[in-house]
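Quick note on labels: first sequence line is chain A, next is B, and so on, each numbered from 1. Atom set for the values below is all heavy atoms of this structure, side chains included, hydrogens, waters and symmetry mates excluded.
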Amino acid sequence: MTDATAYAQADRLFGRKKLFSWGLPAVVLTYLVYVAFAFHILTPDMFGIPSNIPDRDRLKFDVQNGRTLVADMVSYKTHVTRDNRSGELGVAIEGERKGAYPDGIVPDWVDAQGETTVIDLGAGHIVTFLPGNALTYEVPGYGTIRGQIEGRTVVTNIPEDDVPDWINLSSTRMAITTDEGRLSLTRNKTEVFNYFPGWELFWFTLDSPYSGHGVFDILFGDQIDPARGNIEGAWHDFWENPMWRHVDVAWALFETVLMAFLGTFGAAIVALPVAFLAAKNFSPLMPVRFALRRVFDFLRGVDALIWTILLSRAFGPGPMTGALAILFTDTGSFGKMFSEALENVDQKQIDGVVSTGASTVQRYRFGVIPQVTPVLLSQVLYFLESNTRSATIIGAITGGGIGLLLTQAMITQKDWEEVTYYIILIVIVVMLMDSLSGWLRRKLIKGE
Amino acid sequence: MLVVENLTKRFGRNAAVDSMNFSVDRPMMLGIIGRSGAGKSTFLRMMNRMTDATQGSLTFEGRDVLTLRGRERRNWQADCAMIFQQFNLVPRMDVVSNVLHGTLNRRSTFATMFNLFPREDIHHAIDILERMGIAEHAAKRAEALSGGQQQRVAIARALMQDPKVILADEPIASLDPMNAQIVMETLRRIHEEDGRMVIANLHTLDTARRYCDRVIGMRDGRIVFDGTPAQLTTGVARDIYGADDSFSEDATSTEIRDAARPALTARAAATA
Amino acid sequence: MLVVENLTKRFGRNAAVDSMNFSVDRPMMLGIIGRSGAGKSTFLRMMNRMTDATQGSLTFEGRDVLTLRGRERRNWQADCAMIFQQFNLVPRMDVVSNVLHGTLNRRSTFATMFNLFPREDIHHAIDILERMGIAEHAAKRAEALSGGQQQRVAIARALMQDPKVILADEPIASLDPMNAQIVMETLRRIHEEDGRMVIANLHTLDTARRYCDRVIGMRDGRIVFDGTPAQLTTGVARDIYGADDSFSEDATSTEIRDAARPALTARAAATA
Amino acid sequence: QGIEEFNIGILGGENAQDRLNNHGCLKTYAEDALGVPVKLFAPADYNGVIQGLLGGTIHMAWLGASAYAATYLQDPEAVEPVLVKINLDGSYGYHSIGFARADSGITSLEDMQDKVFGFGDPNSTSGYLIPSIEIPMAGDAITMEPGAYFGDVVFTGGHEQTIVAVNNGDIDAGVTWADGQGEWADGYNSGALRKAVDAGLVDMNDLVEIWRSKPIPEGPIVLASALPQDVKDKMTALVDGMYDADPECTYNISAGESLGFDPITHDAYLSIIEARKAKSE
Amino acid sequence: MTDIPFDARAHYVEMTRRKRMYGGIMLAVFVALMVSGFMLADARNAGGFWAGLPNIFGFPADVIADTAPKVDQLPGHLVTYFPALTETLNIAAASTIIGAALGFILSLLSTRGMARWPRLIPVFRRIMDVMRAVPEIVIALILIFVLGGGPVPAMIAIAFHTSGALGKLFSEVNENADLKPIEGLASVGATWGQRMWLGVVPQVAPNYFSYALLRFEINIRASAILGFVGAGGIGYELKNAMSWGQGRFDEAAAIFILLFLTIVVFDQISSHVRNRLAHEGAH
Ligand SMILES: Nc1ncnc2c1ncn2[C@@H]1O[C@H](COP(=O)(O)OP(=O)(O)OP(=O)(O)O)[C@@H](O)[C@H]1O
Ligand SMILES: Nc1ncnc2c1ncn2[C@@H]1O[C@H](COP(=O)(O)OP(=O)(O)OP(=O)(O)O)[C@@H](O)[C@H]1O
Ligand SMILES: [Mg+2]
Ligand SMILES: [Mg+2]
């Protein structure tokens with residue numbers, strides 16, 4: 001070969017390579033730019049080209065919402081409410097009935113004396129409920145705000161032309177939001193929210209005798225509730241905690257895992273024999289094989305989502321429906337994967353068994369099963385792990401499991417600490433299933 | 001005791017084995033040589049009934065092998081053990097189980113389904129492994145053994161069948177010279193000690209010469225040589241392999257000639 | 001030009017290289033011999049700065065090699081090319097690209113990611129391949145080449161670096177005798193024609209004797225011999241290898257002595 | 001013949017856990033009355049309950065009027081309405097309320113031209129059916145075709161999502177339900193707005209009412225027609241008498257203050273059924 | 001053989017006995033779990049399994065009954081919902097690309113022999129585990145709260161999960177990659193980026209591509225499902241049509257056909273391409 005031809009050949013080679021190494025990223029980048037425009041992450045007017053994309057379609061980043069969300073995930077609020085018609089005062093955690101302080105008992109930052117109630121929000125913020133549906137709020141660095149209901153309207157001492165942005169004022173309502181808490185005044189009620197960090201009442205609600213006792217107290221201290229042993233009673237009050245419903249959450253979590261387990265293994269059991277009929281080298285009849293392949297495609301193509309809806313008519317809401325939806329889809333996936341694995345079996349081993357005079361069944365048992373088992377098993381275990389995650393979503397549709405609790409809590413958007421709790425539980429369970437399937441894989445496939 | 005008449009196998013229009021005729025009157029060690037595609041494997045597979053013949057007949061001790069069906073055919077397969085170039089063991093199963101597969105024909109399908117082999121079979125299997133010199137690997141998975149050891153497991157499986165004939169399809173082609181020697185010697189010993197007939201496809205002349213009582217040479221599906229090892233001259237070999245004058249036996253030799261002067265692997269030195 | 005002082009490398013409590021001291025005053029071909037685990041590779045890796053030394057110093061042309069950091073260290077690596085026993089090429093890439101990797105240090109990361117090698121580099125790479133006698137394989141994937149060819153690609157990559165020193169870690173250990181000879185001769189030629197220093201770890205005495213100007217023998221991390229090939233007697237060799245009287249050089253010889261009597265690879269015949 | 005179990009479906013509006021929680025008392029009463037296990041189900045949306053009723057797997061539910069119509073239209077034999085909730089003022093109706101952000105300047109449907117309008121769940125009466133019929137009657141130009149009068153018309157999925165979406169500015173206006181009594185500033189006495197205010201999700205000062213429907217009949221409690229008559233009778237009597245027997249439980253299952261439940265028949269929903277049928281054409 | 005007398009028979013018999021026992025116990029436990037799990041799920045479901053079985057075609061029958069008379073409108077519906085399908089596909093494709101890129105970096109950072117900061121390998125592994133464990137729906141719903149509705153939250157959510165999932169698969173591929181080329185590049189003074197790009201990528205690219213394709217297939221479904229719970233695209237349309245029920249089942253059928261065909265088409269294309277890659281990678 002002459003130098004010149006060798007050079008030319010190498011130049012051509014690198015020309016091609018250069019084209020490829022620029023071309024591929026360029027194609028991908030172009031696509032991503034297209035998507036950015038399609039999703040309105042980028043808009044023409046960012047580049048000075050006028051466009052009529054409405055504001056609502058633009059991507060926005062609402063920091064305030066994000067902050068509220070994060071704050072709500074790790075804190076709780078206690079409501080102090082006065083009914084402006086009856087004058088009754090109530091204190092309740094998260095404003096819920098089951099978080100209400102028993103009559104006559106108030107937290108130490110609330111001082112109720114007759115018709116006057118002094119609420120110390122901390123850092124010098126003090127709210128005082130006065131008789132006659134009036135109140136004052138001392139805001140350090142601003143002054144004392146007064147408010148009162150007169151007839152149908154709210155009257156305050158805030159200058160109308162200079163309302164700070166942390167006060168939201170109308171003739172029927174005054175709302176003040178500070179770092180220490182929130183206050184709202186309407187004709188019907190006066191309400192103060194005081195924020196505290198933590199997940200309150202996670203262990204016991206206020207009506208439980210164990211509320212406020214530490215672990216040490218309960219385990220080794222004196223008997224708290226005369227009717228019950230400490231551990232038994234504390235467990236019962238914790239487990240049946242009406243605010244957090246640990247027992248229901250545990251059941252929901254269990255239902256989710258159950259759906260994944262039944263669906264995955266059920267599908268594997270159904271798919272295995274059928275896969276033999278769909279594998280080129282085992283199927284006696286081509287039409288059968290073709291038909292089965294299409295059935296698998298159908299089962300998989302319909303997707304668990306749609307199966308869930310279709311099956312909920314026949315089986316109603318609950319974990320069985322979810323399990324069946326997973327079973328249907330995965331029968332499709334497994335059917336395809338198993339039959340592919342069967343098509344890739346090593347004929348040598350089968351020949352070896354056949355040559356000894358083994359019957360057909362023995363041939364499958366010793367020639368085929370041992371070599372496909374590890375492949376199938378590892379696929380099944382991999383699906384088990386990912387189905388645990390899918391089961392949360394399926395549960396959210398069919399009405400079962402932790403997925404329903406989670407999505408409902410998210411959609412109503414107020415119980416973010418519960419959302420956090422569920423997310424943590426789901427993540428833990430999925431990670432456990434991941435390790436479990438990894439452990440089983442090593443144990444069963446690599447052999448002890 | 002073995003009579004092959006007019007045996008033919010066609011794949012489509014191509015005859016892999018073309019009217020083969022020969023007979024054998026006593027258990028012996030029979031070598032079949034021929035280049036790749038000559039039809040050696042096809043013949044063995046027909047004899048073991050893993051492949052159906054297109055025409056002709058094959059009779060063994062009066063049994064018309066090619067017409068056997070179902071149960072009878074499987075019984076014949078049990079009588080006629082097969083050893084493969086690639087060992088064809090079940091790699092993920094332990095060595096003893098692999099050997100026990102030799103009894104599948106005798107045991108009920110149901111019992112074997114659950115890997116329930118009788119204890120005396122297990123002991124017998126281990127005895128055979130001992131005879132093969134690999135009893136200490138009994139509990140290992142087959143895939144954990146070296147090639148030579150695996151081939152000995154395959155022979156053990158064959159012996160477990162207690163067969164009348166052992167068919168060996170290039171049993172040493174994937175082994176190094178040392179292992180090849182061990183395996184061939186084992187086969188010879190089985191033939192001599194147990195009096196079983198052994199038919200081995202071989203791809204090297206010197207092996208055939210050294211271990212066989214009779215050699216059949218095939219080319220393009222036909223028998224082109226049938227005689228004693230002594231009659232197998234280089235000229236005949238050129239005929240069988242269709243080679244020209246540059247053909248030298250050394251190029252395919254795998255024999256270990258002398259401990260002091262180790263094997264000359266011409267190929268290793270020649271490739272650049 | 002190269003001064004090694006007190007160089008030590010400890011892995012845990014075990015000293016792989018133990019206060020090595022020597023100096024070299026002119027570019028030469030230096031062989032390092034010693035049995036497995038003697039610390040040969042560790043020394044080369046320290047010199048190339050792929051492994052950090054535990055203590056001691058290594059100075060090359062006044063540059064204190066062991067204290068270089070970041071960019072400077074990579075520059076040194078570019079000056080000090082390395083050739084490996086297993087070639088360490090990128091197997092799925094073509095030969096020219098592999099050779100061009102020798103210029104990585106000179107080019108920006110970004111440019112190399114998009115295969116933007118300057119045309120003169122490409123042509124230079126082809127020239128080097130031609131010098132190595134493998135220009136016709138330029139467009140093939142590295143994995144498609146034989147071992148000897150791959151090692152020549154690795155040398156080409158080293159030359160592409162235009163290094164002051166070439167370190168070769170058992171460059172012929174995975175090659176057959178024929179290729180081994182070609183590779184060693186290539187290294188020698190590079191040393192003689194370009195005047196580059198070559199330091200080669202070798203595991204066979206006769207190779208060291210034949211190609212090197214100076215030989216260092218190591219044992220357990222220490223230098224136990226430092227002299228000319230002529231001083232390397234069988235007695236000295238026994239010292240280095242810690243062998244007893246049964247030691248015979250033939251056992252490790254890879255030399256091709258005579259075309260008519262091809263290489264004796266004792267190992268191939270001895271392994272069972 | 002008897003029954004082996006009794007399944008109650010509960011519609012959305014609160015998170016699933018609270019829903020199950022609030023109906024715990026009903027479950028206990030029903031188990032006592034029927035002598036069979038009673039199970040509560042809280043599917044994710046209206047359709048989940050409708051499918052359960054159609055398939056016969058859910059035996060009792062408190063539906064919205066439109067959801068009842070949907071059930072009836074798909075299978076007239078599936079369920080029969082038995083009871084309806086009575087408001088504190090003795091009526092059994094509520095309103096669909098259209099609302100927008102106060103700072104958007106929108107005060108009526110006229111201002112909504114080319115803006116985005118949001119419904120809740122397609123099976124909701126106040127969140128879709130009634131507004132989708134009554135709003136076009138409010139002006140000649142107004143239609144519900146996306147892009148015709150309104151810039152776009154979307155489904156948010158439920159009342160809570162609508163409120164949050166309007167408050168966040170994702171949509172310009174939406175509809176939800178309220179009893180229409182009491183103060184706007186409180187989010188009225190009951191309804192989705194009130195719950196959002198109580199939860200601290202929105203400040204009513206930030207929102208304005210832009211439209212209100214005619215009164216919508218409260219949805220019925222339905223029982224599966226296939227149930228044995230005595231089961232139907234027992235359950236009807238149980239819920240009917242709940243207000244006197246256990247006001248606390250009544251509060252829980254009717255999601256707020258009420259005067260309990262009174263009997264009702266299919267005829268009360270004829271107009272809603274007609275409306276829904278018209279929408280389906 | 002060893003000098004120590006060694007009874008192969010007893011040893012083997014003992015071993016098989018033990019294996020058989022473990023096997024039996026495993027099987028029994030598995031069967032017990034399946035049966036009791038089935039019964040439990042049956043008991044906790046609204047409708048029983050056996051009672052529901054005959055009704056399994058109830059819903060499809062309704063859909064068909066409703067669609068049959070309006071079959072002529074189907075093509076129109078297909079056109080109407082095509083943009084929604086495009087959005088779903090865009091979400092899936094963009095999130096696969098972004099997720100694969102992130103997963104690639106994470107996998108390099110968490111593979112021994114390649115990691116930039118070897119000490120942080122366990123940290124990156126944990127990060128990937130968590131990313132994999134969080135269901136997409138969670139992230140999507142949270143992001144909807146911050147970013148507003150639309151496709152972006154869904155895309156980010158799926159990309160997040162994808163990078164964890166692909167990161168793990170990629171790092172398994174990396175583990176099987178040959179480290180010698182990387183050493184070779186290190187010896188010429190290449191930077192970390194050059195070592196990874198030139199030394200690792202050529203070895204692993206076909207496997208990466210095959211996994212990414214598989215993931216794309218999965219992400220199409222994920223993106224449809226997210227639409228179902230409020231993130232736009234074809235899932236949103238399907239939910240609305242399905243919920244309304246009778247009267248709009250023809251639309252539901254059209255969407256269903258679109259979704260089904262898409263999934264099947266991409267499934268077939270991807271398994272075809274993956275098969276080819278697997279064969280190419282073999283030699
Ligand atoms: N299943 C089959 N289908 C089609 N042709 C086949 C089949 N098996 C073998 N053949 C053909 O039959 C001929 C003989 O093959 P056979 O395997 O018997 O040769 P062989 O002598 O064993 O060669 P080798 O040394 O390569 O094993 C060959 O041309 C082969 O291609
Ligand atoms: N990364 C490492 N960690 C721990 N010990 C190591 C490491 N690398 C080398 N060693 C030890 O250092 C000693 C010297 O190793 P080195 O590889 O330098 O020997 P060598 O002379 O090159 O031997 P060989 O001929 O086997 O390549 C050996 O005992 C080896 O086990
Ligand atoms: Mg053959
Ligand atoms: Mg070394």
Please look at A:L32 and chain E and tell me whether the side chain, the backbone, both or neither of the residue comes under 4.5 angstrom of a heavy atom of that chain. side chain
Which residue pairs satisfy the salt bridge (charged side-chain N to carboxylate O under 4.0 Å, His left out) criterion with at least one member in residues 429-440 of chain A, sequence neighbours excluded? A:D434-E:R132, A:D434-E:K168
Rounded to the nearest 0.5 Å, what separates atom CZ in A:R300 from atom CZ in E:F260? 9.5 Å
Taking atom CD1 of E:I56 and atom CG of A:L310, what is their separation to the nearest 0.5 Å? 9.5 Å
Largest heavy-atom contact set with chain A, pairs under 4.5 Å, which of E:L259, E:D129, E:I97, E:I218: E:I97
Between A:G318, A:A314, A:A36, who has the most heavy-atom pairs with chain E when the cutoff is under 4.5 Å? A:A314
Distance in Å, E:Q268 CD paired with A:K336 NZ, rounded so as to fall on 0.5 Å steps: 6.0 Å
Any chance you could measure E:F49, atom CZ, to A:L324, atom CG, to the nearest 0.5 Å? 5.5 Å
Would you say E:I142 and A:I423 make side-chain contact, with heavy atoms under 4.5 Å? yes
With a 4.5 Å cut-off on heavy-atom pairs, point out which of A:L311, A:T321, A:L406 contacts chain E the most. A:T321
How long is the gap from CZ on E:R44 to CH2 on A:W251, to the nearest 0.5 Å? 4.5 Å
Salt bridge (charged side-chain N to carboxylate O under 4.0 Å, His left out): which pairs involve residues 133-156 of chain E, sequence neighbours left out? none
Has the side chain of E:N90 got a donor or acceptor atom that lies under 3.5 Å from a matching backbone atom of A:V35? no
With chain E, the option among A:I306, A:T392, A:I426 that has the most non-hydrogen atom pairs under 4.5 Å is A:I306
Find the distance between CG (E:L226) and CD1 (A:I393) and round it off to the nearest 0.5 Å. 6.0 Å
